[in-house]
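Basis for what follows: all heavy atoms, side chains included, without hydrogens, waters or symmetry-related copies. Per chain, numbering begins at 1; letters A, B, ... match sequence-line order. Source: prediction; values computed, not measured.
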Amino acid sequence: MAAPLSVEVEFGGGAELLFDGVKKHQVTLPGQEEPWDIRNLLVWIKKNLLKERPELFIQGDSVRPGILVLVNDADWELLGELDYQLQDRDSILFISTLHGG
Amino acid sequence: MCQVGEDYGDPAPEGPPPPRPGRELKCVKCTEGLPVVVIRAGDAFCRDCFRAFYIHKFRAVLGKNRLIFPGEKVLLAWSGGPSSSSMVWQVLEGLSRDSAKRLRFVPGVVYVDEGAACGQSREDRAKTLSDVKLILQTLGFPWHVVALEEVFALPPSVLRCSAPEPVGTVGTYKVAVDSFLQQQHTLEAEGVGDSPSSAQGEAQPSQPCTQDPQDLAGPPLAGPPPAAQTEALSRLFDSVKTLTAKEELLQTLRTHLILHMARTHGYSKVMTGDSCTRLAIKLMTSLALGRGAFLAWDTGFSDERHGDVVVVRPMREHTLKEVAFYNRLFAVPSVFTPAIDTKAPEKASIHRLMEGFLLRLQAQFPSTVSTVYRTSEKLVKAPRDGCASGPRCLLCMCSLDVDTADSATAFGAQTQDFSQMQPPTPLAEAGAPTVPCRSAEVGRAPNCCQGTRPCRREDSRAHVIEQLCYGCRVNMKDVPSLDPLPPYILAEAQLRSQRYGPSPEIQEYLLENSDDKAHTSGSGAWGPPEQEGKDGQTACDCINKNIFN
């Protein structure tokens, strides 16, 4: 049983347009059976934060190619990508490098 | 092998567990720092090494190509987006260095407000503009903010290729650098030089501002463009049938406007922020759009198609991932503005589709983008001809790649489409041979319709179309009416079709003429293009007289 986590989720490069134009979101992830990783977080974001056109942000169980993910200002490729286990007070940033955001 | 094992073994026994799992890796460069970004398929860099790597790459691209002379005025085309913002900040960084390593050109920045083409409201545009101006003011470079609406006030001459500056060789570059340095030394010795010390900080590079003090505060804050022009621009973009054609049209108009700004303010180079990722996408998109003949110009480091103003792409070795990380880690300010394709589905345009295709491939095969990009590097511009050596596309200003003899199958198919697309007017159907004649010889059609009064409108469309390259012709199929186009395009088209009257004869004459020049002046195969241009024009006039009298 993972305890609830408080994390900061941020969007940039135009990705924020899919979230009502709001860049920074302070969110509390509820406690759940399995530990929170990026994979779960994406599902949670899709359900709770994403306002429109989910296909422009999520493809399959990952982000759309062209969207970068930074965990505490470090490349998620260094941290195991989807399998990175979130810690309390982590900040996760999604930057779109796609044309037009 | 043992060493690697030792490296990995080292940090483990240190007391408390590392705060972040999976970060026991070290920077590949300094082998000490904590890596923050993975580039080039698996190379992890720490913050400092990444910064050095990024800056070095920018300077290396400029140094390798030796195209920008000391003291030269360079216009930085800044869209507010990540790559061009990073480019502007790299220039700023380069100018704040101590003298030996300082960039020696004189930059200015241009921002084109494209809000009207992208359907932004007046308020949103004003908000964006105030953000833009805030950033421009902190830069300290001379800057110019123009609205895309100003294309309606462009002169037709913007579409003419002016004489290029004498092509600089490596030798002349060195001479120029030496004389520049000498000049600087004497100035400093006399105490007149502004010798900026590196301690001045990034916000205040004193060097660039000296050139154009009246520009420093920016142009007098012109109000928003007239509503009529905004309306005309949105009408134009609304009339275009596909997003693909809209994107191409926007790019064309933007290029013309920036070119005009560069010319009127005396800049001889324009820097654009195209990144390696963008250029790879552009290469594939251009191929799909029928612009294969111009790939080297569209995607190369330098683009000399305009003659006097050369476009250079100093960000072409940086991937978008590097750009995004750099901007984030080093707080490079940028302004996000919705583009014409914002929120569009992936299959909305060829540009969009190609972007999705390449990026998805890149996600599975990390060297996709660099492989495509390397291809663009190998393309050779051929023939490297001067301006007057042949007709140029009215819109993209590349040498016409169309086959007037109509032998190429693609061209044949395209012209046939074109004739079908034109609804024949009743009179034309009744007797005048406009339709068959156009489908057969669109390449030299200017006078084929003469005498058939009713098809004037189609006629003017034909005049424009025949002056386009293959790619632009295909694109213009999605622009149902040419009337909403800015007047300079139509005016120049008319001028050209008058000038080039019966084109085969002119063509012959021009070629002979350039041969003559080469013989008499002995200055290489192609004489000074400006003169050639003038001669060509007098030739046109002569022939016109002979033929029409």
How would you list, by chain and number, every residue that makes a ring-ring contact (aromatic ring centres under 6.0 Å, His included) with B:Phe50, sequence neighbours excluded?
B:Tyr54

Can you see which heavy atom on A:Gly100 is nearest to which on B:Thr342, and at what distance?
O-OG1, 2.7 Å

Separation between CZ of B:Arg328 and CG of A:Leu70, rounded to the nearest 0.5 Å:
7.0 Å

Honestly, the part of A:Ile95 sitting under 4.5 Å from a heavy atom of chain B is side chain

Are there residues of residues 313-322 of chain B that reach to under 4.5 Å of chain A by heavy atoms, and which ones?
B:Leu320, B:Lys321

For chain A, find its close neighbours in residues 78-87 of chain B: heavy-atom separation under 4.5 Å, sorted by number, or none.
none

Any residues in residues 46-60 of chain A near chain B, with a heavy-atom distance under 4.5 Å, and which are they?
A:Glu52, A:Arg53, A:Leu56, A:Gln59

One option among A:Gly14, A:Gly66, A:Gly80 has the most heavy-atom pairs under 4.5 Å with chain B, and it is A:Gly14

CZ of B:Phe325 to CG of A:Asp75: how many Å apart, nearest 0.5 Å?
4.0 Å

B:Thr277 side chain reached by A:Thr97 side chain, heavy atoms, under 4.5 Å:
no

So, taking the atom named CD1 in B:Ile340 and the one named NE2 in A:His99, what distance separates them when rounded to the nearest 0.5 Å?
9.5 Å

When only pairs under 4.5 Å are counted, which of B:Leu359, B:Leu361, B:Ile281, B:Leu329 shares the most heavy-atom pairs with chain A?
B:Leu359

Contact origin within B:Arg352 toward chain A - heavy atom pairs under 4.5 Å
side chain

Let me confirm one number: the CG-CZ distance from A:Leu78 to B:Phe45, rounded to the nearest 0.5 Å.
12.0 Å

Side chain, backbone, both or neither: which part of A:Leu93 has a non-hydrogen atom closer than 4.5 Å to chain B?
side chain

Of B:Arg360, B:Lys343, B:Glu346, the largest count of non-hydrogen pairs under 4.5 angstrom with chain A goes to B:Lys343

